[in-house]
Amino acid sequence: QVQLVESGGGLVQAGGSLRLSCAASGRTSSISTMGWFRQAPGKEREFVAGIYWSSSVTYYGDSVKGRFTISRDNAKDTMYLQMNSLQPEDTADYYCAAKRDRSGYWVTGLYDYWGQGTQVTVSS
C-alpha cells in the first residue's frame with residue numbers, strides 16, 4: 001500500500017556531502033515512522049536515522065550522529081538524509097523504510113515497507 005523510491009546516491013570523496021531523497025506514494029497516511037538503513041558488503045543492515053512523521057522527532061545511529069540529518073517534507077511525502085563529512089566507512093547501499101507504528105524505530109525487522117536502495121560510495 002506504500003511505495004518508496006530512493007534517489008541521490010552516487011560517488012563522493014571523503015569529506016564531501018550528499019543528500020538522499022525518499023519519495024513515498026500510495027497510502028502515505030498510514031506511515032507513522034520512517035527511517036534510513038544501510039548495508040555494506042558482508043555486514044548486517046544497520047540503523048542510520050529515523051523520524052516520526054507527524055512530530056518530526058528524530059533519532060540517529062551512533063556512527064552518524066553529528067554528521068547526518070534526517071528530515072521530511074509532508075507536502076511532498078518525501079524524506080531526506082543530508083550526509084556531511086562523509087567517510088569511506090559510510091560506503092553502503094542506503095535504504096528508505098517506513099512503518100505503521102512508532103515502536104522499535106531502530107529495528108530492521110519491524111519496518112513494513114522498503115525502497116529498492118541507492119548506492120553511496122565514498123572514496124579517499
Side-chain angles (χ1 to χ4, degrees):
Q1 293 183 344
V2 174
Q3 296 80 45
L4 305 173
V5 180
E6 303 98 332
S7 62
L11 302 174
V12 65
Q13 288 193 315
S17 299
L18 284 174
R19 189 180 74 160
L20 305 183
S21 298
C22 174
S25 60
R27 192 62 180 270
T28 58
S29 61
S30 67
I31 298 173
S32 292
T33 308
M34 295 190 72
W36 288 98
F37 293 79
R38 67 186 183 185
Q39 187 166 23
K43 300 180 67 177
E44 294 185 357
R45 189 167 297 186
E46 69 169 326
F47 170 75
V48 175
I51 185 169
Y52 289 152
W53 198 249
S54 296
S55 68
S56 77
V57 173
T58 60
Y59 302 89
Y60 296 94
D62 291 341
S63 63
V64 305
K65 191 173 184 179
R67 298 188 297 122
F68 291 8
T69 303
I70 188 172
S71 62
R72 88 283 187 271
D73 186 336
N74 287 358
K76 297 181 179 179
D77 284 340
T78 301
M79 177 179 65
Y80 304 96
L81 184 68
Q82 178 66 45
M83 304 185 294
N84 298 327
S85 301
L86 284 163
Q87 301 300 314
E89 293 74 27
D90 298 313
T91 295
D93 290 331
Y94 283 71
Y95 296 89
C96 171
K99 64 199 307 288
R100 297 188 294 268
D101 59 47
R102 298 188 178 190
S103 64
Y105 61 84
W106 66 96
V107 181
T108 302
L110 295 181
Y111 278 76
D112 301 297
Y113 311 104
W114 291 87
Q116 294 294 315
T118 185
Q119 184 173 310
V120 172
T121 302
V122 184
S123 64
S124 59

Any donor-acceptor N or O pair under 3.5 Å, side chains Asn84, Ser17: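 Yes, side-chain donor-acceptor contact under 3.5 Å.
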Ser29 and Arg27: side chain donor to acceptor below 3.5 Å: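 A donor-acceptor contact under 3.5 Å links the two side chains.
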Shortest non-hydrogen contact from Ala14 toward Pro88: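 The pair with the smallest heavy-atom distance is CB-CD, 4.1 Å.
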Minimum-distance pair of heavy atoms, taken over all atoms of Ser55 and Arg72: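 Looking at all heavy atoms of both residues, the closest pair is C-NH2, 4.5 Å.
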Non-hydrogen side-chain atoms of Ser21 and Lys76 separated by less than 4.5 Å: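 No. Closest side-chain heavy atoms not under 4.5 Å.
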Beyond-backbone contact of Ser63 with Glu46, side-chain heavy atoms, under 4.5 angstrom: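 In short, these two side chains touch, coming nearer than 4.5 Å.
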Disulfide (SG to SG under 2.5 Å) contacts in which one or both residues fall within residues 79-124, not counting sequence neighbours: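 Found Cys22-Cys96.
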Could you give the distance from [atom1] ([X]) to [atom2] ([Y]), rounded to the nearest 0.5 Å?
X	Y	atom1	atom2	value
Arg19	Ser7	CZ	OG	8.5 Å
Thr118	Arg38	OG1	CZ	14.0 Å
Arg67	Asp90	CZ	CG	4.0 Å

Fellow cluster residues of Tyr105, listed by chain then number, with links counted only when side-chain atoms sit under 4.5 Å apart: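 Reading the cluster by chain and number, Tyr105 sits alongside Phe37, Phe47, Tyr52, Val57, Tyr59, Tyr95, Trp106, Val107, Leu110, Tyr111, Trp114.
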Under 4.5 Å side-chain linkage, directly or through intermediates, the cluster mates of Val12: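 Val2, Leu4, Leu18, Leu20, Ile31, Met34, Trp36, Val48, Ile51, Trp53, Tyr60, Val64, Phe68, Ile70, Met79, Leu81, Met83, Leu86, Tyr94, Tyr113, Val120, Val122, all in the cluster of Val12.
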Check: Ser32 side chain, Arg100 main-chain N or O, donor-acceptor pair, under 3.5 Å: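 Such a contact is found between Ser32 side chain and Arg100 backbone.
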Glu6 side chain vs Gln116 backbone, donor-acceptor pair below 3.5 Å: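 Yes, because the side chain of Glu6 sits within donor-acceptor range (under 3.5 Å) of the backbone of Gln116.
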Heavy atoms of other groups near Gln1 CD, more than 12 under 6.0 Å: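 It does not: Gln1 CD has 12 such atoms or fewer within range.
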Within 6.0 Å of CD in Gln87, more than 12 heavy atoms from elsewhere: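 Enclosed.
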